[in-house]
2 protein chains.
Amino acid sequence: MSVEDDPAGDGDAAAPDAPSSLTMEDVAAAAGVSRTSVSRVMLGQKKVSEDTRRRVFAAADRLGYVPNVLASELASRGTSTIGLLLRDAANPAYGLLFTQLQEAAHAADLTLVSMTVTADNRGQRQVAGLHRLMGMRVGGLIVATGGVTSEQLEPFCSRIPIIRAGRPETTEHIHAVSYDEVHAGRTLAEHVADAGHRDVAIVVTAEGDSYPEFVRGTTMAATLAGRGVRIIPVPVGAGPRGGVDEAVALATEGRVSAIMCPSDLRQLEVLRSLAAAGVSVPGDVSVTGCDGVLHGADLLGLTTYRIPVEQLAVRTVARMAELLAARPGAGVVAERLPGVLVPGRTVGPPSSRKEP
Amino acid sequence: MSVEDDPAGDGDAAAPDAPSSLTMEDVAAAAGVSRTSVSRVMLGQKKVSEDTRRRVFAAADRLGYVPNVLASELASRGTSTIGLLLRDAANPAYGLLFTQLQEAAHAADLTLVSMTVTADNRGQRQVAGLHRLMGMRVGGLIVATGGVTSEQLEPFCSRIPIIRAGRPETTEHIHAVSYDEVHAGRTLAEHVADAGHRDVAIVVTAEGDSYPEFVRGTTMAATLAGRGVRIIPVPVGAGPRGGVDEAVALATEGRVSAIMCPSDLRQLEVLRSLAAAGVSVPGDVSVTGCDGVLHGADLLGLTTYRIPVEQLAVRTVARMAELLAARPGAGVVAERLPGVLVPGRTVGPPSSRKEP
DNA sequence: CTGAAAGCGCTTACAG
DNA sequence: CTGAAAGCGCTTACAG
């Protein structure tokens, strides 16, 4: 059990010139076999005698040997691990996606190595993460952030399979498994229209800030317009409170009877603001969000749309496995997964005091 | 800009025997310099002529070359990247920690490569993740899961710096930066006692399931007992609803006037159950949780304790940076960071109908 | 079933 | 400032 067997006899980890890095050579010597045999045993290959196997494992355990993955992958020129480029996981939807992807990958016997990138001015950091992952020579790449553009991805998509997860791709060359944001926007908008609202504020996200949220907003607007509902778009991020205050003001003035948000986090902000202003929900104004992954959303009674995170993770990993097995350049796929409306207590019929 | 310069002239990525793997050799040839020079340029070393540098960069860009990190680290025998062993990020507190660690690492100019492990019977997967990371020869390791024991970590703590984050260490040899769970438990318990409760149910987590939650529960019990409050411990995970039903039953029967939970997620479960049973909070019964990282907790009015996630992340990364710079085996540290009570609307004075 | 040898793509003294 | 050469720790045909 001792880790400090230390063949060199130079005590502990203090030996300056003899790094604690055990190699296969050490194990081979300790086991009395060749380096090749050790390699075969560690690789789990069949053509090894039971005796050799036992001795190698014994020596490895005793020395605390862990094979150097770097050298291994370099020599065998190929990684089984696949890279995951993630967006700031502070967003609960991304956090869940992260977890689910890990789980799906494990189930598919794929090792994921991830790198989170936080948004910055020019996407510099995101690209750095991309290069880092490519430098690790991952066998495939899952991109779950909009921060990296298709153009930045393209140089590599002929080298390894790349799948964009959670966001539709604009390019033809890159695979994508995304949520059906159009369905989300339409479903929510129809729910609001069905409730009888005729004047609705829509908090819209800029295309560059979050493409998925942008699509939701656009779709909500189109759907509502198609139903003859008057809409007032409120761009988010404009004011200090990101357009929330403006939407709330519209409600306070009775100019709208409902506020549709592009995400649940935004919906929370609106609800806070409304509560502070003493406006009742859904008595005075109805509110909707989108995502459906917040803990306690049910207790809050949020009206939202649950995106199929688990399914997305499973589909993404499944496609990656397929691509890994197939020849590169096989047919590009673009899946879109619909979610489901979650009716809540934040939507009701329009209030009677609607007219200004 | 074209990536398909393809010197070999065998078109696209289809060439079966000529993998798309560009090497320094290719760049050297294209730039008309030696491999050594390319290396020096990519490494950003000073002793290179401006002309060489320019030509190398030009060639690299044109070919779409990304240095092979594996080979690089193998040759220079050392990684700058540090490994992060994470727990299932479905827990919102871990999700936040993950994000914050990434951010802190980036600020400290450290690259983090993470591996998430989901709980399993014997911690097999967790150990596999640990070995995988060690196999990548990371320069340091941050362990943010209780799934890996100190014993499993010890064999490696003389090789690289290892810090346990978010959970106190039981061993002397391993560094730890954790939340002050004792302070959390004490603070919450005193808040409840101060409100006048004399009969309290405490939902307790088993030591093996979550050590931090276990400490919280133990401390709450001790603190309450010290104040002369009668407590009824309800082990979590016992029944199908994990002890929640039992706690709620105690409240329904009027045997306790408050329920203290070891986490906010658990608190949410209790609140759901209470609502379903028609029990009012805090009218009939008060409820507390712990963590304070849930979105919308304020709207729900949860009474909780906010753990200092951001601070923990920063401290952990800072210590890692120190350890990386210092000699291994330097003084082991064990920091404990206190958080702050978040009073909410789920705690009030005990109801008058307390007696059964 | 087992070994000696070449090679994976880089870095790094060592001589120019 | 620049190159040729050795070596990082493994894997993998190739001969036994």
Side-chain angles (χ1 to χ4, degrees), chain A residues 17-56 59-60 63-81 131-132 134-139 159, chain B residues 17-56 59-60 63-81 131-132 134-139 159:
Chain A
D17 295 304
S20 53
S21 124
L22 283 171
T23 77
M24 248 176 192
E25 199 69 61
D26 300 317
V27 179
V33 299
S34 76
R35 188 150 36 97
T36 309
S37 290
V38 177
S39 174
R40 283 198 263 256
V41 170
M42 299 312 278
L43 257 30
Q45 295 179 359
K46 309 292 293 181
K47 312 291 180 176
V48 205
S49 75
E50 200 42 54
D51 179 53
T52 301
R53 187 187 312 283
R54 228 190 311 276
R55 292 166 61 191
V56 168
L63 300 178
Y65 173 70
V66 177
N68 185 325
V69 180
L70 271 45
S72 165
E73 294 183 338
L74 178 57
S76 63
R77 71 198 64 187
T79 325
S80 52
T81 82
H131 280 213
R132 178 90 203 171
M134 286 305 298
M136 293 175 98
R137 294 295 188 269
V138 292
R159 331 243 256 236
Chain B
D17 294 304
S20 52
S21 124
L22 283 170
T23 78
M24 248 177 191
E25 198 70 62
D26 300 317
V27 179
V33 298
S34 77
R35 189 149 37 98
T36 309
S37 289
V38 177
S39 174
R40 283 199 262 257
V41 171
M42 300 311 279
L43 256 31
Q45 295 179 0
K46 310 291 295 182
K47 311 291 182 176
V48 205
S49 75
E50 199 42 54
D51 179 52
T52 301
R53 185 186 314 283
R54 228 189 311 275
R55 291 167 62 191
V56 168
L63 300 178
Y65 173 71
V66 177
N68 185 326
V69 180
L70 271 46
S72 166
E73 293 183 337
L74 179 58
S76 62
R77 70 198 65 188
T79 325
S80 53
T81 82
H131 281 215
R132 177 90 204 172
M134 287 306 298
M136 294 176 97
R137 293 297 187 270
V138 292
R159 331 244 256 235

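Throughout, a chain's letter reflects where its sequence line sits, starting with A, and its residues are numbered from 1.
Distances were taken from every side-chain heavy atom of A75(B) (C-beta onward) to each of dC8(D), dA4(C), dC10(D); the shortest belongs to dC8(D). The side chain of T23(B) lies closest to dG9(C), out of dC1(C), dC10(D), dG9(C). Out of dC1(C), dA13(D), dT12(C), the shortest distance to the side chain of K47(A) is found at dC1(C). Here dA13(D) is the nucleotide among dG9(C), dC1(D), dA13(D) with the atom lying nearest to any side-chain atom of R40(A). Listed nucleotides dT11(C), dG3(D), dC10(D) differ in distance to S37(B); the shortest reach to its side chain belongs to dG3(D). Closest to the T52(A) side chain, of the nucleotides dC1(C), dT12(C), dC10(C), is dC1(C). When each of dT2(C), dG9(C), dT11(D) is scored by its nearest atom to the side-chain atoms of S39(A), the top-ranked nucleotide is dT11(D). For A71(A), the listed nucleotide lying nearest its side chain is dC10(D); candidates were dC1(C), dC10(D), dG3(D). Nearest to the side chain of S72(A), among dT2(C), dT11(D), dC1(D), sits dT11(D).
For dG9(D), the OP1/OP2 oxygens have no side-chain nitrogen or oxygen of Y65(A) closer than 4.0 Å. An OP1 or OP2 oxygen of dA4(D) is reached within less than 4.0 angstrom by no side-chain nitrogen or oxygen of S34(B).
Nearest heavy atom pair, residue R53(B) against residue V41(B), reads CA-CG2, 3.9 Å. Listed here is the closest heavy atom pair of L63(A) and A30(A): CD1-CB, 4.1 Å.
Judged by closest nucleotide on DNA chain D, K46(B) is the one of S76(B) and K46(B) placed further toward the 5' end. Residue whose closest nucleotide on DNA chain C sits further toward the 5' end, between D51(A) and R35(A): D51(A).
Here dA4(C) sits opposite no nucleotide as a Watson-Crick or G-U wobble pair (both hydrogen-bonding atom distances under 3.5 Å). Searching all strands for a Watson-Crick or G-U wobble partner of dA13(C) with both distances below 3.5 Å returns nothing.
Distance, E73(A) CD to dC8(C) P: 17 Å, rounded to whole Å. Rounded to whole Å, atom C1' of dT11(D) lies 9 Å from atom CD of Q45(A). When rounded to the nearest whole Å, the span between CE of M24(A) and C1' of dG7(D) equals 17 Å. Distance L74(B) CG to dC8(D) P: 9 Å, rounded to the nearest Å. To the nearest angstrom, P of dG9(D) lies 10 Å from CD of E25(A). Between the CG atom of N68(A) and the P atom of dT11(D) there is a distance of 9 Å, rounded to whole Å. Protein atom CE of M42(B) is 13 Å distant from nucleotide atom C1' of dG9(C), rounded to whole Å. In this structure, CG of L43(A) is placed 18 Å from P of dG9(D), rounded to the nearest angstrom.
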Dump the intermediate steps for side-chain hydrogen bond (donor to acceptor under 3.5 Å, both in side chains) on T52(A) and S49(A), then the final yes or no.
-> CA-CA 5 Å; T52(A) 301; S49(A) 75; 2.8 Å; yes

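When heavy atoms are screened at a 4.0 angstrom cut-off, L70(B) is found touching no nucleic acid atom at all.
As rounded to the nearest Å, dT12(C) and dG16(C) have C1' atoms that lie 16 Å from one another.
The backbone N or O of E25(A) lies less than 3.5 Å from no partner atom in the side chain of R35(A), so there is not a single donor-acceptor pair. Using a distance-only test at 3.5 Å, with no hydrogens or angles considered, no donor-acceptor pair links the side chain of S72(B) to the main chain of N68(B).
Ion pair E73(B)/R137(A) not flagged as a salt bridge, since none of the NZ, NE, NH1 or NH2 atoms sits closer than 4.0 Å to an Asp/Glu carboxylate oxygen.
A donor and an acceptor atom sit less than 3.5 Å apart, one in the side chain of T36(A) and one in the base of dA4(C).
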